[in-house]
Amino acid sequence: MKCPRCDSENTRTMVKSPVGDVWEVYVCEVCWYSWRSTENPVVLPKFKLTEESIAALGVIPPIPPLDV
Ligand SMILES: [Zn+2]
């Protein structure tokens, strides 16, 4: 199964519905996008991610240096 946002195949089932077997929630281990099996997410092109764009993302807020 492919991640709808970054097209990675590196996805797994995060949780299953607590009652019955109604839905599952999948999560992408590359960009942490998650979605439910009952929805059919479509990510707009401007919100799509690639591994390169994830690597280029800054950390917000910046992590201050440790006082050693
Ligand atoms: Zn992803």
Side-chain angles (χ1 to χ4, degrees):
M1 178 171 34
K2 264 185 163 183
C3 167
R5 188 163 68 175
C6 73
D7 292 333
S8 167
E9 299 275 356
N10 196 1
T11 58
R12 64 181 168 84
T13 304
M14 184 163 64
V15 290
K16 296 190 179 211
S17 56
V19 178
D21 197 14
V22 187
W23 46 259
E24 295 179 338
V25 175
Y26 309 118
V27 63
C28 168
E29 295 194 319
V30 176
C31 72
W32 302 107
Y33 187 82
S34 61
W35 68 102
R36 211 171 270 211
S37 59
T38 48
E39 59 190 354
N40 186 22
V42 174
V43 176
L44 293 173
K46 67 175 175 178
F47 294 121
K48 289 274 245 181
L49 291 177
T50 63
E51 287 197 39
E52 296 81 63
S53 69
I54 295 166
L57 288 175
V59 178
I60 303 171
I63 299 164
L66 290 171
D67 284 324
V68 183

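Each ligand, and each atom within it, is numbered from 1 in the order the structure gives. Side chains included, hydrogens not; waters and symmetry mates left out as well; all remaining heavy atoms used.
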Requested in this report: Take atom NZ of Lys48 as the centre, draw a 6.0 Å sphere, and report whether it contains more than 12 heavy atoms from other residues, nucleotides or ligands.
Outcome: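 Enclosed.
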Requested in this report: Give a yes or no on whether Ile63 atom CD1 has more than 12 heavy-atom contacts from other residues, nucleotides or ligands under 6.0 Å away.
Outcome: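 No, not enclosed.
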Query raised in the report: Is the side chain of Arg5 donor-acceptor paired with the backbone N or O of Cys31 at a distance under 3.5 Å, no angle test?
Result: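 Checked: pair present.
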Report task. Could you please tell me which protein N, O or S atoms lie under 2.8 Å from the Zn ion (ligand 1)? Result ->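 Correct list: Cys3 SG, Cys6 SG, Cys28 SG, Cys31 SG.
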Would you indicate whether the side-chain heavy atoms of [Y] and [X] approach each other to under 4.5 Å?
| X | Y | answer |
| --- | --- | --- |
| Lys2 | Thr11 | no |
| Leu49 | Tyr33 | no |
| Ile54 | Trp32 | no |

